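Below, chains carry the letters A, B, ... as their sequence lines are ordered, and counting in each starts from 1. Just so we're clear, the structure is a prediction, and the values are computed from it rather than from any experiment.
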Amino acid sequence: MPLNQRIFACSLALLFFVFVIDLARRKKLRVEYSVLWCLTSVSILVFVFWYDSLVFLTGMIGAVLPTTTLFIMGLMFLMFVNLHFSVKLSEISEQVKNLAHEIALLSIKKEGPEKPE
Amino acid sequence: MKILIVLPARNEAGNIGAVLDRIAALYPDYPVLVVDDASIDETASVVLARSGVNLIRLPFWMGYGGALQMAYKYAYRQGYDAIVQLDADGQHDPASIQDLLAQMQNADVVVGSRFLGSSDYRMSSVRRFGCRLLSFLGKWLTGMEITDPTSGLQALNRNALGIAVQDHYPMDYPDLDVLILMHRFRLKVVEIPVRMAQSPDKTGMHEGLQVWYYAFKMILSIFVMMLRKA
């Protein structure tokens with residue numbers, strides 16, 4: 001890997017890492033959600049400093065160029081992240097629905113006495 | 001037997017009054033609950049103008065299933081033995097309530113079908129085909145004979161309520177998938193013939209797409225329900 005590519009990738013990973021940590025520090029991002037993004041930065045750094053691992057992976061998946069491997073991994077990562085967010089969204093929708101039901105039950109309005117049963 | 005009559009309603013100010021008056025005339029002894037799904041018209045005022053009708057107002061639009069589940073939770077916690085649900089738009093005749101309740105002796109869920117018996121109910125060919133397809137799917141998967149899988153006129157006993165109050169009850173269209181869910185929990189689902197007023201036929205691009213979304217979502221939901229542990 002040429003030196004300028006290394007410097008570029010390394011800077012990008014570090015900048016991203018600092019940005020994620022700063023978001024967590026400013027309470028814009030929950031720490032449990034920052035772990036995944038921190039690991040992304042670390043993965044990029046691993047490939048920069050241990051380029052052979054990327055070449056090895058390329059051979060394993062049958063790709064020709066390491067850039068292909070990177071694109072495939074990036075795409076897979078984004079797909080899984082989106083799926084993870086859909087799961088979280090479903091969970092939150094269920095919680096919001098249950099909360100709204102509880103609020104509605106608490107604020108039930110009655111006009112006159114309930115009819116005898 | 002403690003019975004509750006349930007009407008989920010959204011923007012039904014023009015229709016719900018007549019439905020409530022007819023219920024009050026036919027069944028003065030049954031309590032009625034209206035779940036107002038965040039209507040933007042005068043639905044709530046129309047309901048509150050009638051004495052003895054309980055009203056629950058949802059804080060935001062949750063969909064037909066969300067409003068129904070709200071009623072189920074209320075009935076379940078208040079200790080009702082059974083509920084009868086009908087639409088607030090006047091499509092369902094309150095006179096059918098007694099027929100549904102009569103069948104509760106030998107079933108957990110009773111569905112009012114517009115296609116059983118001598119029916120003159122008219123429906124667009126696409127919808128009719130969809131109903132038949134769902135009926136076939138229900139019979140193929142469970143052996144249940146459901147001729148009207150989209151009927152909102154139903155009676156549920158406490159066993160069925162206990163299942164319907166659980167998480168992941170469909171928020172938009174709880175139809176055949178819920179009946180299959182009940183069947184998976186070994187509850188007995190039966191249909192009886194009822195008369196229904198004609199519902200306005202939906203036309204236009206958006207409604208057309210909704211039909212296809214409904215079909216796809218319902219088939220997916222049915223298969224997911226079949227895969228879940230009862």
Side-chain angles (χ1 to χ4, degrees), chain A residues 20 23-40 60-62 68 71-117, chain B residues 1-5 8 20 23-24 27-38 43-63 65-82 164-172 224:
Chain A
V20 170
L23 281 174
R25 182 189 66 81
R26 287 187 286 130
K27 297 179 184 170
K28 299 271 183 193
L29 178 69
R30 292 185 68 87
V31 176
E32 52 266 41
Y33 288 116
S34 66
V35 174
L36 185 72
W37 299 113
C38 287
L39 284 176
T40 309
M60 264 189 60
I61 64 167
T68 314
F71 274 114
I72 290 171
M73 283 173 62
L75 207 65
M76 293 298 288
F77 173 77
L78 289 176
M79 268 171 61
F80 279 114
V81 164
N82 278 329
L83 192 63
H84 169 73
F85 286 152
S86 293
V87 170
K88 281 283 163 197
L89 209 60
S90 301
E91 207 176 291
I92 289 165
S93 299
E94 198 62 27
Q95 288 169 348
V96 169
K97 182 201 74 179
N98 287 338
L99 266 175
H101 279 165
E102 293 303 324
I103 290 167
L105 273 175
L106 285 172
S107 60
I108 183 168
K109 291 188 176 125
K110 285 185 183 182
E111 180 72 13
E114 193 170 357
K115 291 181 179 180
E117 278 129 28
Chain B
M1 199 164 161
K2 273 180 81 177
I3 291 159
L4 179 70
I5 296 172
L20 288 173
I23 291 171
Y27 313 101
D29 294 336
Y30 290 153
V32 179
L33 172 73
V34 174
V35 180
D36 178 13
D37 193 7
T43 300
S45 311
V46 174
V47 174
L48 288 171
R50 279 147 181 89
S51 64
V53 179
N54 289 335
L55 173 70
I56 293 180
R57 299 190 76 173
L58 295 176
F60 52 84
W61 184 18
M62 299 181 80
L68 264 183
Q69 199 190 33
M70 174 76 268
Y72 296 155
K73 284 180 178 175
Y74 173 84
Y76 195 69
R77 290 187 197 179
Q78 296 289 320
Y80 284 97
D81 299 307
V165 295
Q166 290 175 9
D167 279 353
H168 297 285
Y169 183 84
M171 293 271 277
D172 44 8
V224 170

Bottom line for A/Glu102: the part with an atom under 4.5 Å from chain B's heavy atoms is side chain
Under 3.5 Å, is there a donor-acceptor pair between the side chain of A/Glu94 and the main chain of B/Asp167? no
Checking A/His101 side chain against B/Gly66 main chain: does a donor-acceptor pair fall under 3.5 Å? yes
Is atom [atom1] of [X] surrounded by more than 12 heavy atoms (other residues, nucleotides or ligands) closer than 6.0 Å?
X: A/Phe71; atom1: CZ; value: no
X: A/Phe80; atom1: CZ; value: no
X: A/Arg30; atom1: CZ; value: no

If I measure from the heavy atoms of chain A, does B/Met62 come under 4.5 Å with its side chain, its backbone, both, or neither? side chain
Which pair of heavy atoms, one from B/Leu55 and one from A/Ile108, lies closest together, and at what distance? O-CG1, 3.5 Å
Hey, could you give me the CD1/CD1 distance between A/Ile103 and B/Ile56, rounded to the nearest 0.5 Å? 13.0 Å
Looking at chain A, which one of B/Met70, B/Met171, B/His168 has the largest number of heavy-atom pairs inside 4.5 Å, strictly under? B/Met70
